Every structure is written in structure tokens, then in C-alpha cells.
Peer 1: 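Sending over a structure as C-alpha cells; questions will come in a sec.
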2 protein chains.
Amino acid sequence: MPSSTVENYLKNILIVSLETKSSVVSMGKIAQGLSVTPGTATTMIKNMAADGWISYFPRKGVRLTRKGRKFAMSMLRRHRLLETFLVETLGLDWSEIHVEAEELEHAISEKVLEKLDEFLGRPRTDPHGHPIPTKGGHIYRANSKTLFLCKAGMKVRIDSIIDQESDFLRFARSKKLIPGNEVTILSHEKEADAIILQIGSDNPFSLGSRSSEKILVSL
Amino acid sequence: MPSSTVENYLKNILIVSLETKSSVVSMGKIAQGLSVTPGTATTMIKNMAADGWISYFPRKGVRLTRKGRKFAMSMLRRHRLLETFLVETLGLDWSEIHVEAEELEHAISEKVLEKLDEFLGRPRTDPHGHPIPTKGGHIYRANSKTLFLCKAGMKVRIDSIIDQESDFLRFARSKKLIPGNEVTILSHEKEADAIILQIGSDNPFSLGSRSSEKILVSL
DNA sequence: ATTCAAATTTTGATTAGTCAAAGTATATGT
DNA sequence: ACATATACTTTGACTAATCAAAATTTGAAT
Ligand SMILES: [Mn+2]
Ligand SMILES: [Mn+2]
Ligand SMILES: [Mn+2]
Ligand SMILES: [Mn+2]
């Protein structure tokens, strides 16, 4: 069994490769994602390659092996089921659950996880709108686009929030930028680096590119 | 914040000092309880003393400081609330929860624990009958005696099961040796090293000293 | 008082994970 | 083709936790 450090590396590599839609993940992304120095990442990666979790292509990056991908999927499943539990059952706010799940994911066994999944009624997405991998390691891939790509006049549905920062999540909630809600794009001037949007009959408001790239939508 | 290793040492020292009713715990007990070599225990203990968790009396033993006792109580609280959750909410068997809680106790935050306590309705004992310390660090101390000390003819109520071994817990359940149940001692011959007892109108059965010392009763 | 066994401590070594800083490779621009 | 900035790797050092084996202390028994 991998240490919780290895578990974090695996999950992070999987998330980056899902986000970027490329199976090879660079050392820089890994070091950044895990908040370690590049040298630390290189060392860890070499050990993980020796243990068969990943293929290591020096100076190119890293790819999950089948075994690595399977395990990483199970970590993602744990993380997202735990987040769902923390919100649905215990009533925590969606801005505080990420850090909690980041620890609990290493301590919960498959046995307990299965009971939890059953208790929660086999949810398919977590509170941020992210798909929860199945026990078999499958993940549903929505073809969402970032909100920043939407043109004026479009009406779209929010799929998920990428950013896990508490501050951004609290802001998003206050503006009703929540998975499931419908958004109308009132204007989008490329040069202004901002879009103006409206939810229901609420007051319209604007979002810069940085923020609007953190929100995935479809339709 | 202490590492999870230190958390385990603190909790173990507290449990032993509650069980033996003596505030000083020997090195041997610590090493044994944590399944490490005596040398390892000595090294850890010296570091923990330097950090103010315990007072270390070389070749005598160790006593929790106020800070150490407070923290150890919070660990015991976490452990027992988690065990309760695993049985009450998720429906695991009482023979499998100890190992699970042993990991989860290090990953759950005070914030989540408080929500969990509320969700469970502030239980006062865990599934093995052990008292759950309050948030303030108080613990209810039953004046239970071990079942082996009971004389023939006595009728007592089971308070708790000390042993956390799966095999023993499954056996105990199968014999209805469960906290709350009433037991009648049919005979107790000291020399035979066994007592014969009966629960309700079930078939009587016998228990040796080893087993009957694992069960605490009162009344 | 002497001896001995048990408990405890000390010593030297190992592993996982980390950083800082120095060294190396590579893509890009001229 | 050359220079250089950027990304990456290597090296040397450190900490926490552990073990095996040797050394020490202590309480009891003779
Ligand atoms: Mn994590
Ligand atoms: Mn999430
Ligand atoms: Mn533990
Ligand atoms: Mn218990």
C-alpha cells in the first residue's frame, strides 16, 4: 500500500491529466500542485516509478500506469464522496470541505467507503459539481467549457467550480454561482477582459477572466 | 500540533493510566501498547517530554502533563465518537470499528468532530460501552468490576468490553455479552479458573479467567 | 554484600520525505 | 549556430520514527 504522500502525488497527477486532457504531466505541475520544491518532486517521482505507479520520462514528465491510474481514481472517489458526506450529512459549508477531505481520504478504508457510498445513496457528483468515479474506476466526463468562453446572449448551466479556495467558493455561493444554476451572459467584450452575467432575475454582475475560467458550464 | 505518532502515544498513555488507575505509566507498557521496541519508546518519550506533553521520570515511567492529558482526552473522544458513527450510522460491526477509528481519529478536525457529535445526538458511550469524554475533557468513570470477580448467585449488568480484538468481540456478541445486558453467575469455583453464567433464558456457558477479565460489570 | 534477571537506556544504522543550492539539458530567439 | 532563460535533476543535509544489539540500572534473592 502506498503512503499518504504517494496517494497525494497520484491523485494530483490524475487531476492534472484530466484537467489538461493530456496523459503526460510535467514535473513543474506536480511540484506546484503538491507545494514541494522541484527537486523533491523529482526524487519522489523516481521512487514511484520504481514502484510501478507511474512511467517517468526524464525532462518530459510522468504518466500514470494502469495500476497508478486505478489507485488515483480510488483516491479521487474517496475525496469526493467524503466531501459529499461533509456537506450532505454533517452540514459543513462547501468552502471548508476540501481541506477536511484532503486528510480524511487517507484514513478511510474501502470497507467504510462502501458503506458511506451506500448511506449517501450513491451520489454521482460532489458538492462542487465534480463527477465521483465509480468503484470500478470509471469517471463521467462532461464536455463542459469555461464560462469565459461564452458569448453574449448565451444561456448556460453551471456544471462545476474548479477552484477549491475557500474565499472564491464563498464568493461564488454569494453570487449563486452554484452547479445546476442557469446563467445568462449579458455581454462579453474580449478586450475588457470581463463578462457581465445574470442569474435568474438577480442583479447582473461582472467577472474577470481569472474568475470566469474557474467555472465550467454547458448547453 | 502533534504528529499522529505522538497522538497515538498520548492516547495510549491516557488509556493505560485510566485502566490501571495510576498516573505514572511504565516504559514497558508504552512500548507494548504501541507495538514498538523499548528503545523506540524511550526515544519518543524524551522528545515528547521536551515538547511538554509528558513528564518523564527515567527508569520510573511517564505522566501526562495538563496539556498532554487534555490532548489525549480529545483523542479518546475522537476515537470513540468515530466508533459510534461507524456502528450507528454506517452499520459496521462492532468487531471491525476499532482499527478503522484508529486511523480516522488522526484525520478528523475539531470542526468536523463537533458536527459529528451533534449529528449523533451527543452519545455518552461508544459501542463497546466505553464513556466518551466531553469536549471539555471530562470523562465519566463507572465503578465497574471485572466479571471474573463476581460470585455465584450474583446478577450483574454489563458495562463494557475491554478487549478490542475482532475475534473476541465476535464471540462476545454471539453469547450476547453486550453492554446493557444482564448476566447471572451460576457458579464460580476459584480453582477451576472458570465461571458459568447465563443471559436471560439462554443456555448457560462458561468463561475462563482470561475472557471474563475482559468484561466489566456493575450492580 | 553479592549476584542476577528484568527493565530501561544508549548507540549506530535505516527509511521516507523534505529543502537549498549547484549543476545540466533544452527550446527559443537572434 | 549561439546564447541564454527556463525547466529539470543532482547533491548534500536534515528530521521523525523506527530497529537491533550492546550497555546500564535496579530491585530481589541468595
Ligand atoms: Mn490528501
Ligand atoms: Mn470537490
Ligand atoms: Mn491511531
Ligand atoms: Mn471502543
Side-chain angles (χ1 to χ4, degrees), chain A residues 1-13 16-17 19-20 22-64 67-68 71-72 75 102-103 105-107, chain B residues 1-13 16-17 19-20 22-64 67-68 71-72 75 102-103 105-107:
Chain A
M1 286 294 96
S3 66
S4 47
T5 305
V6 169
E7 290 182 339
N8 280 333
Y9 276 72
L10 288 172
K11 178 165 63 90
N12 182 258
I13 293 165
V16 173
S17 73
E19 270 177 5
T20 63
S22 86
S23 63
V24 174
V25 175
S26 73
M27 228 26 139
K29 280 254 159 59
I30 295 170
Q32 194 188 354
L34 291 151
S35 307
V36 295
T37 61
T40 300
T42 302
T43 314
M44 275 301 296
I45 286 306
K46 286 204 279 190
N47 293 331
M48 288 171 63
D51 292 341
W53 298 112
I54 53 181
S55 309
Y56 171 44
F57 309 104
R59 304 203 114 98
K60 289 269 156 49
V62 141
R63 179 181 3 233
L64 292 170
K67 160 182 160 183
F71 198 93
M75 288 308 300
E102 200 58 55
E103 298 303 317
E105 66 189 1
H106 308 290
Chain B
M1 285 295 94
S3 67
S4 46
T5 305
V6 169
E7 290 183 338
N8 280 334
Y9 276 72
L10 288 172
K11 178 165 62 90
N12 182 258
I13 293 166
V16 173
S17 72
E19 271 177 6
T20 62
S22 86
S23 63
V24 172
V25 175
S26 73
M27 227 29 135
K29 280 256 159 59
I30 294 170
Q32 194 187 358
L34 291 152
S35 307
V36 294
T37 61
T40 299
T42 301
T43 314
M44 275 302 296
I45 286 304
K46 286 204 278 192
N47 294 331
M48 287 172 64
D51 292 342
W53 298 112
I54 52 181
S55 309
Y56 171 43
F57 309 104
R59 301 203 121 95
K60 289 265 155 51
V62 140
R63 182 192 348 241
L64 292 170
K67 161 183 159 181
F71 198 93
M75 288 309 300
E102 200 56 56
E103 299 302 317
E105 65 189 2
H106 308 290

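Values in this document were obtained by computation on a predicted structure and should not be read as measured data. Chain A is the first sequence line, chain B the second, and so forth, proteins listed ahead of strands; every chain is numbered from 1.
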Peer 1: Determine whether A:Val16 and A:Ile30 make a side-chain contact, defined as any pair of heavy atoms from C-beta on separated by less than 4.5 Å.
Peer 2: no
Peer 1: Assess whether one donor atom and one acceptor atom, taken from the side chain of B:Arg59 and the base of D:dT24, lie less than 3.5 Å apart.
Peer 2: yes
Peer 1: Could you tell me if the side chain of B:Met75 sits less than 4.5 Å from the side chain of B:Leu10, heavy atoms only?
Peer 2: no
Peer 1: Take A:Thr5 and A:Pro58, find for each the nucleotide of DNA chain C with the closest heavy atom, and name the residue whose nucleotide sits nearer the 5' end.
Peer 2: A:Thr5
Peer 1: With the side chain counted from C-beta on, respond yes when A:Tyr56 and A:Asn47 share a heavy-atom pair under 4.5 Å apart, and no when they do not.
Peer 2: no
Peer 1: Is the shortest heavy-atom distance from the side chain of A:Asn12 to the side chain of A:Lys29 under 4.5 Å?
Peer 2: no
Peer 1: Tell me if the NZ atom of B:Lys60 is crowded by more than 12 foreign heavy atoms within 6.0 Å.
Peer 2: no
Peer 1: Does C:dT18 have its OP1 or OP2 closer than 4.0 Å to a side-chain nitrogen or oxygen of A:Tyr9?
Peer 2: yes
Peer 1: Tell me which residues in residues 37-56 of chain A put a heavy atom below 4.0 Å from DNA chain D, sorted by number, or none.
Peer 2: A:Pro38, A:Gly39, A:Thr42, A:Lys46, A:Tyr56
Peer 1: Mind running side-chain contact (heavy atoms from CB on, under 4.5 Å) on B:Ile54 and B:Ile45 for me, showing each step along the way?
Peer 2: CA-CA 8 Å; B:Ile54 52 181; B:Ile45 286 304; 3.6 Å; yes
Peer 1: Round to a whole Å and report the spacing from CG of B:Leu10 to C1' of D:dA17.
Peer 2: 15 Å
Peer 1: Got B:His106 and A:His106 here, is their nearest side-chain heavy-atom distance under 4.5 Å?
Peer 2: no
Peer 1: Among residues at least two apart in sequence or on other chains, which ones pass side chain to side chain contact (heavy atoms under 4.5 Å, CB included) with B:Ser23?
Peer 2: B:Arg63
Peer 1: Residues from residues 22-36 of chain A sitting under 4.0 Å of DNA chain D, heavy atoms only?
Peer 2: A:Ser26, A:Met27, A:Gly28
